[in-house]
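Structure, as structure tokens:
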Amino acid sequence: MNESEKEVQVSGQANSPSSAQLDTTTSQDGVSTPSRPSEDIENDDELIHSSGDEQQPQDVETLSRVSSGPPYTVFSRQMIHWIIAMNCVSAFISPITANIYFPAIPAIAKDLDVSVGSINLSLTTYMIFQGLSPTFVGDFGDAAGRRPAFIIAFAVYLGANIGLALQRNYAALLILRCLQSAGSSGTIALVFGVVADVATTAERGKYMGIVGAGLTVGPSLGPTIGGVLSEYLGWPSIFWFCAILTVVWMVPYVLTVPETGRRVVGNGSVKPQPWNMTLLDYIRFRRQPREPSTARTQKIPFPNPFNTLMVLSHKDMAMVLLYNGLLYLGFMLMAATLSTQFSAIYHYNELVLGLCYLPIGAATTISSIAQGYLLDWNYRRTAKKLGFKIDKKRGDNLKDFPIERVRIQIIVPCIFLGTAVYIGFGWALQAEVHVAVPLVLSFFVGLLVTGSFQVINTLIVDLYPEAPATATAANNLVRCLLGAVGTAVIEDMIAAMGRGWSYTLIALIFTVFSPTLWFIQKHGPAWREERRQKMLRLREKEEAKEREKSPPDADADAHNGVVRTDNAR
């Protein structure tokens, strides 16, 4: 143990019993590693930094900045890049699945001897499960780890795709599409949680942008790929394609992508349970005995969807999720109506209609990645202006940092420009101008509107670090419910109001609710602190109950521990 660690240990013994609750263990590589969940780390870190008028928290804050403090993650930069790349692919699979069989709907209806309206019902049921599935998978992934949640979700997805490719019955189609949605959509909550596991707030933007690019390009490429496959190989080839893509992704994931869930492995240095291990994990930990202090038995909890609904009970989260859902609604309504409107106006076939999605797909990819780098730049700029020291190794304490303003500043001009372009798109369709005009406008809608809700996705993870996958599941629930309602009425709106006024009404919703962003910037930090204090009080009660149940010698050992020094942000 080096001198800095000794200093931390002595100070931890001298402090009040509350500091004894913040015990750590030291892994074989000398990194101080929390023996409790990451969400505990984050809240304990806030406990260390809270209440500026008490001497003890100030002393511990000073000690928490020593050079021997544990890093935010022990994964190498190369491994982080590999994890992010695999998550980008998994993020791509879910949205492409929703839209890939759009061009094949007439062919499926003919082969199954049902109406197109009956096949469209499978879209509605798909969206329902798309909203519900992440509420289970996200909570399970936060509690049991990302790997088992990913593997179970994609195993369900793989089986559903094989069944869809082989079935020739309408009832089977409905049931299997629900299973397909449950498997693929559950991963949406996990991908952003993984980013929060391995990336500090200062670097989170670019990684969220890369993963978000996979999420947003899927709805655009899906119809294109589906149109090609359906045209030349028949509609069953669509589901065989999804099955093959799943296997190609699962094999390297199961073998090489490590567990990142911070409740399971902390910053990556805690030995995971066998079901969270990869082949590389076995090699890595084969000679490392599991110490009694870290060898806690982890039970796999039953996922609780009410944890997702609890996210909506917080004022700041409810406002952020609502506005983000409205932005997503605008994007989905354009994507859902683009093929039908272009078919009615320009009389294109299925293959060409699929190609018409490429401009908006390219725009969403460019925007998501570019906005991610802009987020990190604005974070650094604001930190420098406020004299806030960024710690990329251990993470930053956001207690007194205006993270809401840092994120929202980037998107305000994009939203207002995007609103104008969105209105222009609607009136271009109304006038039935040359196809180049709405295609160019759709590109800028993807660039501005879609990029904006990707930025808010990052803010959602920043505001709810104790359970990022659960927060993302809540985000997905809100936007899918709004999307289900919107897609159910948009065609009737266009028939009744015309294309121009329908899209204008949707765009004006962005403007009417835009003051929400101002409220979040102004009151968000206070609401975030209020939520933090509430969670700390709840955690203190839980820890008090655990200490009452623990044997006396365990309490004595805890009081002789060292102070946790992880700034889990």
Side-chain angles (χ1 to χ4, degrees), residues 85-114 116 118-127 129-130 133 137 150-188 190-191 214-215 217-255 257 335 339 349-355 357-358 361:
M86 291 296 291
N87 271 267
C88 182
V89 176
S90 64
F92 169 78
I93 289 175
S94 176
I96 195 178
T97 305
N99 298 352
I100 193 171
Y101 93 148
F102 281 179
I105 287 177
I108 296 176
K110 181 179 179 180
D111 284 0
L112 299 185
D113 195 23
V114 295
V116 172
S118 297
I119 299 298
N120 284 336
L121 180 61
S122 69
L123 302 179
T124 303
T125 56
Y126 186 97
M127 292 194 69
F129 276 80
Q130 192 176 37
S133 176
V137 179
F150 263 124
I151 292 172
I152 291 173
F154 273 109
V156 172
Y157 176 71
L158 176 61
N161 278 305
I162 295 174
L164 283 165
L166 297 175
Q167 61 79 32
R168 297 296 184 270
N169 179 270
Y170 177 66
L173 174 73
L174 286 179
I175 295 173
L176 290 171
R177 276 288 282 180
C178 291
L179 287 176
Q180 187 191 42
S181 177
S184 64
S185 303
T187 62
I188 295 176
L190 299 175
V191 292
L215 188 65
V217 76
S220 304
L221 287 183
T224 304
I225 297 173
V228 173
L229 291 173
S230 178
E231 181 75 16
Y232 296 105
L233 298 177
W235 63 263
S237 64
I238 293 174
F239 302 113
W240 286 121
F241 170 83
C242 293
I244 294 171
L245 180 61
T246 304
V247 173
V248 171
W249 179 88
M250 284 189 71
V251 171
Y253 180 85
V254 171
L255 293 177
V257 178
S339 61
N349 60 30
E350 296 171 354
L351 181 59
V352 176
L353 288 174
L355 296 175
Y357 282 87
L358 291 180

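Positions are given from 1, in the same order as the sequence printed here. Computation of the quantities below employed the complete heavy-atom set of this structure, encompassing side-chain atoms and omitting hydrogens, waters and symmetry-equivalent molecules.
When every heavy atom of S94 is checked against every heavy atom of I188, the shortest pair comes out as OG-CD1, 3.4 Å. Contact detail for A182 and S133: the closest heavy-atom pair is O-OG, 2.5 Å. Counting all heavy atoms, side chain and backbone alike, S230 lies closest to S237 at N-OG, 4.5 Å. Closest of all the heavy-atom pairs between P95 and G214 is CG-O, 4.1 Å.
Note that the CD1 atom of I100 and the CD1 atom of I238 stand 6.0 Å from one another [nearest 0.5 Å]. To the nearest 0.5 Å, the span separating OG1 on T125 from CD on Q130 amounts to 11.0 Å. To the nearest 0.5 Å, atom OH of residue Y126 and atom OG of residue S185 are 4.5 Å apart. Between E231 atom CD and L229 atom CG the span is 11.0 Å, to the nearest 0.5 Å. From I152, atom CD1 reaches atom OG1 of T187 across 13.5 Å, with rounding to the nearest 0.5 Å. From I96, atom CD1 reaches atom CD1 of I225 across 3.5 Å, with rounding to the nearest 0.5 Å.
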Intermediate values then yes/no, side-chain contact (heavy atoms from CB on, under 4.5 Å), C242 and Y157: CA-CA 9 Å; C242 293; Y157 176 71; 3.4 Å; yes
side-chain contact (heavy atoms from CB on, under 4.5 Å) between L173 and L112, worked out: CA-CA 9 Å; L173 174 73; L112 299 185; 3.8 Å; yes
Derivation of the side-chain contact (heavy atoms from CB on, under 4.5 Å) call for Y253 and I151: CA-CA 9 Å; Y253 180 85; I151 292 172; 4.1 Å; yes
Derivation and outcome, side-chain contact (heavy atoms from CB on, under 4.5 Å), residues F154 and S90: CA-CA 9 Å; F154 273 109; S90 64; 3.9 Å; yes
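With a 6.0 Å radius and a threshold of 12 heavy atoms from other residues, nucleotides or ligands, N169 has its CG atom above the threshold. Within a 6.0 Å sphere centred on CZ of F129, other residues, nucleotides and ligands contribute 12 heavy atoms or fewer.
Here the side chains of F150 and N87 are in contact, with some heavy-atom distance below 4.5 Å. Using a 4.5 Å heavy-atom cutoff, the side chains of R168 and D111 are not in contact. Contact annotation: the side chain of F92 approaches that of L221 to within less than 4.5 Å [non-hydrogen atoms, C-beta and beyond].
Between W235 and F239, the ring planes are perpendicular. Angles over 60° get that label, and only those under 30° would be called parallel.
For the pair T97 (side chain) and I93 (backbone), a donor-acceptor distance under 3.5 Å is present.
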